[in-house]
Amino acid sequence: MEKEAVPWIDSLLSLDRQYLLALIITMGNLIRKAGDLVNKASDTLISLVAGSCIVAAILVAAIICLPLLPFILIWSHFSNKRFQKEYNLYLQQMNGVCFFFYNNRKSSVAFAREMLAPKLAPAVRRTLVEGKRIVTGDDLSFLSTMLTGVKDRKGFPYLIKVVDGQVLDCSINQQFYNTMAGNKPLEPLLAQINSFYTSTARASND
């Protein structure tokens, strides 16, 4: 004879299976979260160790370099003093020389280099600047110092002329871009450029 199934026993077994399955899923989630926490703790620990090593290295370098600091300051002072002396001598040698500084801005570099620069007097020294770095011309360190000292900071291009050891400068930014954007004749812009160069020359002779 076949045994008669007992409904409540089957229900209990089904409940136990569901409970066991839920328990297994819950344990799996807990294990995964525990693993994530361990990984985060490990990353944090590694970051702390790396940070501590960097701080320690900086402290060691500071301790080593501290006794050298007075010598570094003295060397820097005399180095700057020597450079300034050489720069002043360079300005004396460049008396009367004109410079045309233009930058590598995409919208204007071709116009400055191909349209305007060829129209300038042959004696004018064309100097291209990329960012803060001068890429054409001799004595780049002196030219960089000259450009850094520009007073009329309205934007490239800059006109510069050395007169009696002094650097005179002028920005033609507005007129330059008005001419380029408006497709206007170059003559008025060239007249302004030549006026600057010649007027400073007359000032030198006074």
Side-chain angles (χ1 to χ4, degrees), residues 65 68-206:
C65 294
L68 301 176
L69 184 59
F71 300 99
I72 294 174
L73 293 175
I74 293 172
W75 177 85
S76 178
H77 170 75
F78 283 103
S79 177
N80 292 337
K81 192 172 182 178
R82 183 177 66 252
F83 177 82
Q84 189 61 45
K85 183 178 180 180
E86 293 173 352
Y87 179 60
N88 291 337
L89 180 61
Y90 170 80
L91 293 181
Q92 293 295 335
Q93 294 172 346
M94 291 294 106
N95 187 52
V97 176
C98 302
F99 297 87
F100 175 71
F101 286 83
Y102 65 102
N103 64 354
N104 64 331
R105 187 174 179 178
K106 291 182 179 180
S107 62
S108 61
V109 62
F111 183 80
R113 181 174 54 214
E114 298 170 12
M115 301 297 295
L116 183 58
K119 300 289 185 180
L120 301 178
V124 175
R125 301 195 178 189
R126 287 78 164 165
T127 305
L128 175 62
V129 182
E130 292 183 355
K132 295 183 178 180
R133 186 172 62 92
I134 295 176
V135 295
T136 60
D138 300 324
D139 303 309
L140 298 185
S141 60
F142 295 147
L143 293 177
S144 179
T145 301
M146 187 183 296
L147 182 61
T148 301
V150 166
K151 298 179 179 62
D152 188 23
R153 288 205 167 274
K154 297 177 182 176
F156 286 94
Y158 289 111
L159 310 178
I160 288 181
K161 184 178 176 73
V162 181
V163 179
D164 296 334
Q166 301 296 317
V167 178
L168 306 179
D169 59 78
C170 173
S171 168
I172 56 169
N173 180 273
Q174 183 177 356
Q175 299 82 354
F176 173 84
Y177 281 98
N178 285 342
T179 302
M180 182 185 70
N183 197 24
K184 298 178 182 180
L186 285 176
E187 285 72 17
L189 178 59
L190 289 171
Q192 180 185 5
I193 294 172
N194 292 329
S195 176
F196 171 80
Y197 289 147
T198 56
S199 64
T200 53
R202 286 195 298 270
S204 175
N205 294 329
D206 291 342

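A quick note: this is a predicted structure, and the numbers were derived from the prediction, not measured.
- How far CE of Met146 is from OG of Ser141: 10.5 Å, rounded to the nearest 0.5 Å.
- Closest of all the heavy-atom pairs between Gly155 and Ser171 is O-OG, 2.7 Å.
- When all heavy atoms of Asn95 and Asp164 are compared, the pair lying nearest together is OD1-N, 2.6 Å.
- Side chains of Asn88 and Gln92: a donor-acceptor N/O pair is absent below 3.5 angstrom, by distance only.
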Begin with the C-alpha distance, continue with both residues' side-chain angles, and end with the deciding distance and a verdict on side-chain contact (heavy atoms from CB on, under 4.5 Å) for Leu116 and Phe100.
CA-CA 10 Å; Leu116 183 58; Phe100 175 71; 3.7 Å; yes
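- Looking only at side-chain heavy atoms (C-beta outward), Thr179 and Phe111 come within less than 4.5 Å of each other.
- Of the possible polar contacts, none joining the Ser195 side chain to the Ala191 backbone as a donor-acceptor pair under 3.5 Å is found.
- Put simply, NZ on Lys154 and CG on Asn173 are 9.5 Å apart, with the number rounded to the nearest 0.5 Å.
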Derivation and outcome, side-chain contact (heavy atoms from CB on, under 4.5 Å), residues Ile134 and Leu128:
CA-CA 6 Å; Ile134 295 176; Leu128 175 62; over 6 Å; no
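- Lys161 places a side-chain N or O within donor-acceptor distance of the main-chain N or O of Gly96, the cut-off being under 3.5 Å.
- Using a 4.5 Å heavy-atom threshold, the side chains of Val150 and Tyr158 count as touching.
- Distance alone, capped at 3.5 Å, is enough to place a donor-acceptor pair between the Thr198 side chain and the Asn194 backbone.
- Between Thr136 and Leu143, the shortest heavy-atom distance links the atoms O-CD1, 4.1 Å.
- Between the SG atom of Cys98 and the CZ atom of Arg125 there is a distance of 10.0 Å, given to the nearest 0.5 Å.
- Contact detail for Pro188 and Pro185: the closest heavy-atom pair is CD-O, 3.4 Å.
- A tilted orientation is assigned to the rings of Phe83 and Phe142, their planes being inclined by 30° to 60°.
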Derivation and outcome, side-chain contact (heavy atoms from CB on, under 4.5 Å), residues Leu147 and Val129
CA-CA 10 Å; Leu147 182 61; Val129 182; 3.8 Å; yes
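- When atom types are taken as modelled, the side chain of Asp169 and the backbone of Ile160 share no donor-acceptor pair closer than 3.5 angstrom.
- Ser79 contributes atom OG, which lies 13.5 Å from atom CD1 of Ile74 (distance to the nearest 0.5 angstrom).
- Without hydrogens or angle criteria, Asn103 side chain to Glu130 main chain gives no donor-acceptor distance under 3.5 Å.
- Scanning both residues, Phe156 and Phe101, for their nearest heavy atoms gives CD2-O, 3.6 Å.
- The side-chain heavy atoms of Leu91 and Gln166, taken from C-beta on, include no pair separated by under 4.5 Å.
- From Phe196, atom CZ reaches atom CG of Leu168 across 5.5 Å, with rounding to the nearest 0.5 Å.
- The heavy-atom pair separating Val124 from Phe99 by the smallest distance is CG1-C, 4.1 Å.
- Interatomic distance, Asp139 CG to Met94 CE, rounded to the nearest 0.5 Å: 7.0 Å.
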